[in-house]
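Below, chains carry the letters A, B, ... as their sequence lines are ordered, and counting in each starts from 1. Values in this document were obtained by computation on a predicted structure and should not be read as measured data.
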2 protein chains.
Amino acid sequence: MTLLSEERVAGQRTPENVAARLERLILDGVFRPGQLLPSERRLCERLKVSRASLREGLRILRSKQIIETRQGHGSTVASLLPMHQQSPLMHLFNDHPRTLFDLLEVRALLEGESAFLAARRGTSMDRVLITRRYREMADYAEHSESIDVERLARLDHAFHLAVSQASHNPVLVHTLQSLTDLLLSSVFASVKHLYHREGPREMINRQHARLHDAVVAGDAEQARHVALEHLTSITELLRELEAESERLERSAMRMEPW
Amino acid sequence: MTLLSEERVAGQRTPENVAARLERLILDGVFRPGQLLPSERRLCERLKVSRASLREGLRILRSKQIIETRQGHGSTVASLLPMHQQSPLMHLFNDHPRTLFDLLEVRALLEGESAFLAARRGTSMDRVLITRRYREMADYAEHSESIDVERLARLDHAFHLAVSQASHNPVLVHTLQSLTDLLLSSVFASVKHLYHREGPREMINRQHARLHDAVVAGDAEQARHVALEHLTSITELLRELEAESERLERSAMRMEPW
DNA sequence: TGTGGTGCAATGGTCAGACCAGTAATTAGT
DNA sequence: ACTAATTACTGGTCTGACCATTGCACCACA
C-alpha cells in the first residue's frame with residue numbers, strides 16, 4: 001500500500017530525511033504556501049520519528065525559511081519560497097548587526113593610520129598615483145549625469161587603495177583590504193544606496209578632496225583627521241539607513257494582517 | 001535589573017540563544033577555526049541547557065556552515081569563515097624581514113585601540129577576568145625561579161587576549177589574534193630570547209602592570225598610551241636583537257672557511 | 001443582544017534519562 | 001611486531017513528561 005511504500009522509501013529516521021520528505025510534500029503541493037501543517041505530534045506519527053528528530057528536521061526547514069513557527073499555534077508553509085540564497089557571511093551580519101559597526105570601527109582606525117603614514121612616507125611617485133586615482137574618481141562623479149554606481153564604487157576603492165599603498169606598510173594594506181572586501185561583500189547594497197543620494201555623495205566627495213589634499217601636502221595629522229571624519233560619516237549614514245529600513249519593515253508588518 | 005538583563009543575554013535557554021552564544025565565542029576567538037569544540041554533554045553543562053535544545057542550537061550553526069559535525073568524533077569550527085586567518089602574508093616574511101616591523105606597527109595601533117576600548121567599555125566581569133589573567137602571569141613571572149618560557153608566553157598572550165575581548169569588538173579581537181599568530185609563528189624564537197633576559201623581562205612586567213591598572217581603573221587614554229609604549233619597547237628590543245644577530249652572522253661569515 | 005471574563009484543550013518549547021551507533025586510543029593475544 | 005578485541009569516549013535517536021502560549025468555546029453579566 002501507500003503506507004508500505006512510504007516506509008520503504010522513508011526508512012531513514014534522520015532529521016535531514018525528515019526535512020527532505022516534508023520539503024518534497026510541500027513542493028508536490030500536498031502542503032500549500034500559507035497552510036498550517038499538522039502538529040508536531042501528528043507529524044511524528046506519520047513520519048515515524050521521535051519528536052526530537054522531527055523538531056530538528058523542522059529546524060532545518062525553518063533555517064531555509066521554508067516554514068514559519070509560532071508557539072501555541074503551529075507551523076505554516078512560508079508564502080515566499082524563491083531561493084533567498086545569501087552568502088554565509090551575510091548570516092553573520094544579519095544576526096549580529098552590531099558586527100558591521102565593529103568592523104567600521106576597526107577600519108576607521110586603520111584607514112586613519114594609513115592616511116597618516118601615507119602623508120608622512122609617501123614618495124612623489126605615490127602622490128602622483130594618488131592624485132591620478134583621485135581625479136579619475138572626481139571627474140566621473142562630477143561630469144557624469146547618469147552614474148554607474150558600481151563603477152564609482154570601484155574608483156572610490158582604487159583611490160583608498162592608492163593612499164594605503166603609500167603608507168609603505170604591506171601588512172596595513174593587506175589587513176585594510178580584507179576588511180574592505182568583507183564590508184563590501186556584506187553591505188554592498190547599502191553602500192550603493194549611499195551613492196544614489198545626492199546629499200551623502202557630495203559630502204563624500206568633499207571629504208575625498210580634503211583627504212587627497214592633506215596626503216599630497218604631507219600634512220599627516222590632518223590626513224588622519226580627515227580619514228577618521230570620513231569613516232565616521234559613512235558609519236552615521238549607514239546607521240541612518242539601518243534605522244530607515246527598520247521603520248519600513250515595521251510599517252510593512254503592520255500592513256500585513258494575513 | 002542587572003540580573004534581569006544579564007539573564008536575558010546569557011540565561012535564555014532557547015536554541016537560538018545557544019547558537020548566538022556559541023557564535024559569539026567563535027567570533028571572539030575562544031573557539032578557533034579547525035578546533036574541536038567540547039562535547040555536547042559538556043556544552044550542556046556550560047550553557048545550562050538540555051541536550052535537545054543544545055542540539056537544535058548546533059543544528060542552526062550547522063545550517064549556517066559555521067560548524068561541521070561527525071558522529072563519534074565531535075563538532076569542529078569550520079575553517080571556512082576566517083577572513084585572513086590563513087596568511088597569504090606568510091611569504092612576505094620570508095622574502096622581506098622588514099615586514100616584521102610593519103606588522104608590529106599595525107599591531108601597536110590595534111593593541112592601543114583595544115586597550116582604550118577595554119578601559120572604556122569593559123564590564124566588571126571583564127575586569128575580573130583581566131585581573132585574573134594578569135595575576136596568573138605576574139605570579140608565574142615572579143615566583144618561578146626556573147621559567148618555562150613557552151608557558152610564560154602563553155600566559156602573556158592570554159592576558160592580552162582578555163584585554164582585547166573586553167573591547168567588545170569581535171572584529172578587533174579577530175584581527176588582532178591573527179596578527180599575533182602571524183607574529184609568533186614567524187619570530188617565536190626571538191620572542192623567547194626576550195623572556196630569557198632579565199632586563200627586558202622586568203620592563204615588560206612593569207608595562208603589563210601599568211596596562212592592567214589603567215584598564216581596570218577605566219583610564220582609557222592612559223591604557224592606550226601604555227599599550228603603545230609596550231609595543232614600542234618590544235619593537236625596539238627586537239630591533240636590537242636583530243642587529244645583534246646580524247653582527248654574529250657577520251663574524252661567523254668572517255670565519256667561514258671559503 | 002451583546003460583551004467581557006474564564007477555563008480548557010491543543011500547540012510548540014524544554015527537559016531528563018536511556019539506549020543505539022560510530023570512532024579512536026588502548027590493550028591483550030598472537 | 002603486528003593484529004584483533006576492548007573500552008571509553010563521541011554524536012544520533014527515542015521516550016515520556018512538564019512548561020508556556022495560543023485560541024476558542026463557554027458562561028455570567030450588563
Chemist: Between B:R51 and B:L54, which has a closest nucleotide on DNA chain C that is more 5'?
Modeler: B:L54

Chemist: Determine: side-chain N/O of A:R41 to OP1/OP2 of C:dA10, distance under 4.0 Å, yes or no.
Modeler: no

Chemist: Which whole-number value in Å describes the distance from A:E68 CD to C:dG13 P?
Modeler: 13 Å

Chemist: Can you list everything that forms a ring pair (Phe, Tyr, Trp, His ring centres under 6.0 Å) with B:F159? Sequence neighbours excluded, please.
Modeler: B:Y134, B:H208

Chemist: May I have the distance from A:Q12 (atom CD) to D:dG12 (atom P), rounded to whole angstrom?
Modeler: 14 Å

Chemist: Side chain of A:S39 only, please: which of C:dC15, C:dT11, D:dT10 is the nearest?
Modeler: C:dT11

Chemist: I want to check one thing: is the phosphate of D:dT10, taken as OP1 and OP2, less than 4.0 Å away from some side-chain N or O of B:S75?
Modeler: no

Chemist: Distances under 3.5 Å only, N/O to N/O: pair up the protein atoms with those of nucleotides 5-8 of chain C.
Modeler:
none

Chemist: A:L36 has an atom CG; how far is it from atom P of C:dT11, in whole Å?
Modeler: 9 Å

Chemist: Could you walk me through whether A:R13 and A:N17 pass the side-chain hydrogen bond (donor to acceptor under 3.5 Å, both in side chains) check?
Modeler: CA-CA 7 Å; A:R13 260 149 345 161; A:N17 184 276; over 6 Å; no

Chemist: Heavy atoms only, 4.0 Å cut-off, all strands: where does A:R59 land among base, sugar-phosphate and nothing?
Modeler: nothing

Chemist: Check the distance between C:dT11's C1' and A:R55's CZ and give it to me in whole angstrom.
Modeler: 11 Å

Chemist: How close or far is atom C1' of D:dT10 from atom CD of B:E45, stated in whole angstroms?
Modeler: 15 Å

Chemist: Would you say B:E113 and B:N169 make side-chain contact, with heavy atoms under 4.5 Å?
Modeler: no

Chemist: Does C:dT14 have its OP1 or OP2 closer than 4.0 Å to a side-chain nitrogen or oxygen of B:S50?
Modeler: no

Chemist: Rounded to the Å, how far apart are A:E56 CD and C:dG13 C1'?
Modeler: 14 Å

Chemist: Distance check: side-chain N/O of B:R13 vs OP1/OP2 of C:dG13, anything under 4.0 Å?
Modeler: no

Chemist: Pairs under 3.5 angstrom only: tabulate donor-acceptor contacts from the side chains of residues 52-62 of chain B to other protein residues two or more places apart or in another chain.
Modeler:
residue: B:S53; atom: OG; partner: B:S50; partner atom: OG; Å: 3.4
residue: B:R55; atom: NE; partner: A:E56; partner atom: OE2; Å: 2.9
residue: B:R55; atom: NH1; partner: B:E40; partner atom: OE2; Å: 3.1
residue: B:R55; atom: NH2; partner: A:E56; partner atom: OE2; Å: 3.4
residue: B:E56; atom: OE1; partner: A:R59; partner atom: NE; Å: 3.1
residue: B:E56; atom: OE1; partner: A:R59; partner atom: NH2; Å: 2.7
residue: B:E56; atom: OE2; partner: A:R55; partner atom: NE; Å: 2.9
residue: B:E56; atom: OE2; partner: A:R55; partner atom: NH2; Å: 3.4
residue: B:R59; atom: NE; partner: A:E56; partner atom: OE1; Å: 3.2
residue: B:R59; atom: NH1; partner: A:E16; partner atom: OE2; Å: 2.5
residue: B:R59; atom: NH2; partner: A:E56; partner atom: OE1; Å: 2.7
residue: B:R62; atom: NE; partner: B:T69; partner atom: OG1; Å: 3.3

Chemist: According to salt bridge (Lys or Arg N to Asp or Glu O under 4.0 Å), who are the partners of B:R121, at least two apart in sequence or on a separate chain?
Modeler: A:E105

Chemist: Going by salt bridge (Lys or Arg N to Asp or Glu O under 4.0 Å), name the residues that satisfy it together with B:R107, two or more places apart in sequence or in a different chain.
Modeler: B:E111

Chemist: It should be established whether B:T69 places a side-chain nitrogen or oxygen under 4.0 Å from OP1 or OP2 of nucleotide D:dG11.
Modeler: no

Chemist: Would you say that B:Q177 contacts B:H157 through its side chain, given a criterion of any heavy-atom pair below 4.5 Å between the two side chains?
Modeler: yes

Chemist: Distances for protein N/O vs nucleotides 22-24 of chain D N/O pairs under 3.5 angstrom?
Modeler:
residue: D:dG23; atom: OP1; partner: A:R70; partner atom: NH2; Å: 2.6

Chemist: Tell me every residue that passes salt bridge (Lys or Arg N to Asp or Glu O under 4.0 Å) with B:E136, counting only those two or more places apart in sequence or in another chain.
Modeler: B:R133

Chemist: In whole angstrom, give the distance that lies between atom CG of A:N17 and atom P of D:dG12.
Modeler: 15 Å

Chemist: Whole angstrom is fine here: how far is it from CG in A:L37 over to C1' in C:dG12?
Modeler: 12 Å

Chemist: Closer than 4.0 Å, any side-chain N/O of A:S53 to the OP1 or OP2 of D:dC14?
Modeler: yes

Chemist: Salt bridge (Lys or Arg N to Asp or Glu O under 4.0 Å) with B:R135: which residues, sequence neighbours excluded?
Modeler: B:D139

Chemist: Would you mind telling me which residue lines up with the more 5' stretch of DNA chain D, B:R42 or B:A52, judged by nearest nucleotide?
Modeler: B:R42

Chemist: Which pairs with one or both residues in residues 42-75 of chain B pass ring pair (Phe, Tyr, Trp, His ring centres under 6.0 Å), sequence neighbours excluded?
Modeler: none

